[in-house]
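Read through the structure below, which is laid out as structure tokens, and then see the notes.
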Amino acid sequence: MSKVTNNMNNAILYDIYESYEENFKKVSLRIINFKKPEFKKNKTVYTFLGFRINLPFGIPAGPLLNSKYIKKAFEFGFAVSTYKTVRSDSFPCHPFPNILYVKLAKNFEFQKNARATVDKKGQKYPNITITNSFGVPSKQPDFWIKDAKKALKYQKETNLLIVSFMGTAKKGQTEQELIEDFARTAKLAKSTGAKILEVNLSCPNIGNEGLVCYNLDMSEKVCKAIRSAIDKTPLVIKVGYYRNGGKLKEIARIADRYANAIAVINTIQAEILDKNGKQALPGENRLRSGVCGHTIKSLGLEMVKRLNKIKLQKNYMYEIIGIGGIMTPKDYFEYKKAGANLVQSATGAMWNPYLAYEIWKIENSRLGK
Ligand SMILES: Cc1cc2nc3c(=O)[nH]c(=O)nc-3n(C[C@H](O)[C@H](O)[C@H](O)COP(=O)(O)O)c2cc1C
């Protein structure tokens with residue numbers, strides 16, 4: 001198996017120097033040039049939410065833009081992968097560029113005035129930290145339902161495709177209207193036939209109020225409405241980082257009551273500045289943007305540990321999806337040890353298409369001993 005070489009300072013699964021639309025049309029040519037790994041028969045059976053899987057690892061909502069990407073992800077061993085978040089109506093993408101390398105202070109903490117500066121030199125795998133600024137674009141439901149059905153056909157016996165969705169906050173909208181949009185989109189996502197659905201709660205609430213997941217009253221109402229819209233279909237709730245222990249306990253209770261799993265963490269919001277201290281991403285509402293990759297690992301890991309502790313204390317049933325800065329097999333094993341039932345990597349998988357294969361080889365050699 002050839003080693004990953006990254007001379008162009010670019011991701012392999014997504015071309016960061018091309019627009020979102022260009023990437024949507026074609027899977028990055030660079031992954032096509034990578035040889036598919038060969039998976040022999042597994043020595044053990046893994047499960048997630050009761051479904052048999054090849055490996056408790058995959059790619060979260062984001063880098064897999066459509067069915068062509070899902071096909072590649074499964075071929076490269078990312079056994080449980082997620083279709084990028086969709087909406088109840090088409091929604092435009094933020095202008096190019098959508099991905100920039102950034103640097104965060106060493107003692108970077110989750111706080112309102114967190115800042116990151118663009119790293120013009122670029123970075124080398126595995127120490128990659130980026131901001132991704134897409135604005136959660138979506139095609140019309142007719143398009144994505146058809147495409148997700150196609151993606152579901154690429155699931156082999158031990159693969160799982162999760163379909164991620166969210167509601168759209170609009171100007172002048174009432175809280176009830178946003179809740180209904182979440183429920184409507186949940187129903188549309190269910191109509192694809194996906195075995196598992198994921199609601200992205202780390203998205204804007206009404207009236208520029210911040211993210212839905214930090215408003216616990218709204219989060220509970222949204223989850224309740226979704227549960228009644230999708231009946232018993234397994235549901236994952238995807239949330240951001242919580243510093244406050246009381247709030248985390250509350251979101252854990254909501255997850256246990258209405259969902260089957262909780263996915264942590266989404267990106268960490270920061271002001272993204274150029275070397276002169278000015279807004280780096282062009283256009284409105286783009287001063288703050290989500291940071292992901294290497295630097296946020298400690299925060300994701302911490303959330304998994306805390307959620308696992310709450311789960312044990314309260315006898316909760318939810319499973320935990322650990323996400324955030326998983327760049328190497330070592331990171332995967334740390335998340336597993338912390339209590340993650342499933343681990344997913346966005347940035348790491350974009351730069352290293354063999355990440356799942358490398359983990360699978362270690363998992364299987366350990367079992368062979
Ligand atoms: C290119 C890209 C697009 C993303 N889009 C979404 C999205 O549509 N929905 C979502 O819930 N998270 C999205 N994310 C966030 C990831 O799912 C993940 O939570 C975050 O990147 C942290 O993981 P990482 O450090 O492995 O990148 C996106 C991330 C990346 C890199």
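When a ligand or atom number is given, it counts from 1 through the structure's own listing order. Index from 1, following the sequence.
- For ligand 1, one of its N or O atoms has an N or O atom of Thr347 under 3.5 Å away.
- Of the protein's non-hydrogen atoms, the one nearest atom 9 (N) of ligand 1 is Thr85 OG1, 2.6 Å.
- Applying the ring-ring contact (aromatic ring centres under 6.0 Å, His included) test between Tyr354 and each of Phe34, Trp360, Tyr125 identifies Phe34 as the sole match.
- For the pair Lys139 and Phe24, the cation-pi test (distance below 6.0 Å, angle within 45°) is passed.
- When ring centroids are compared, Phe78 and Phe76 stay outside the 6.0 Å threshold.
- Taking the six-membered ring for Trp and the full ring otherwise, Tyr357 and Phe39 have centroids separated by under 6.0 Å.
- In this structure, of Pro137, Pro63, Cys292, the residue bringing a heavy atom nearest to atom 21 (O) of ligand 1 is Cys292.
- Phe134 CE1, 3.5 Å is the protein heavy atom nearest to atom 1 (C) of ligand 1.
- One option in Gly290, Gly322, Ala61, Gly300 has a heavy atom closer to atom 14 (N) of ligand 1 than any other, and that option is Ala61.
- Residue Lys238 holds the heavy atom nearest to atom 10 (C) of ligand 1 of all those in Lys238, Lys297, Gln344, Met327.
- With ring centers used as reference points, Phe182 lies 6.0 Å or more from Phe165.
- In this model, a donor atom of one side chain and an acceptor atom of the other lie less than 3.5 Å apart for Tyr258 and Glu220.
- Closest heavy-atom approach to atom 3 (C) of ligand 1 within the set Ser345, Gly62, Ala346: this belongs to Gly62.
- With respect to atom 8 (O) of ligand 1, the closest heavy atom belonging to the protein is Lys84 NZ, 2.9 Å.
- Residues Asp147 and Tyr83 have side chains that bring a donor and an acceptor to within less than 3.5 angstrom of each other.
- Of all atoms in ligand 1, numbered sequentially from 1 with element shown, those under 4.0 Å from a heavy atom of Pro60 are 17 (O).
- Taking every heavy atom of Gly324 and a limit of under 4.0 angstrom, the matching atoms of ligand 1 come to 23 (O), 25 (O).
- Of the listed residues (Leu201, Ile265, Thr267), the one carrying the non-hydrogen atom nearest atom 19 (O) of ligand 1 is Ile265.
- Considering only non-hydrogen atoms, atom 31 (C) of ligand 1 lies nearest to Asn132 out of Thr82, Asn132, Ile16.
- In terms of protein heavy-atom proximity, atom 18 (C) of ligand 1 is nearest to Ile323 CG2, 3.7 Å.
- In terms of protein heavy-atom proximity, atom 15 (C) of ligand 1 is closest to Asn266 OD1, 3.4 Å.
- If you number the atoms of ligand 1 from 1 as listed, the ones under 4.0 Å from a heavy atom of Gly325 come out as 24 (P), 25 (O), 26 (O).
- Between the side chains of Ser164 and Asn200, no donor-acceptor pair of N or O atoms lies under 3.5 Å.
- Within the model, atoms CD1 of Ile99 and SG of Cys292 stand 7.5 Å from one another, a figure rounded to the nearest 0.5 Å.
- The shortest N/O to N/O separation between Val136 and ligand 1 does not fall below 3.5 Å.
- Tyr14 and Phe134 have perpendicular rings, their planes meeting at more than 60° on a 0 to 90° scale where under 30° would count as parallel.
- Checked against a 3.5 angstrom limit, the closest N/O atoms of Ile296 and ligand 1 fall outside it.
- Ring geometry, Phe57 versus Tyr332: the interplanar angle exceeds 60°, so the pair is classed perpendicular (tilted spans 30 to 60°).
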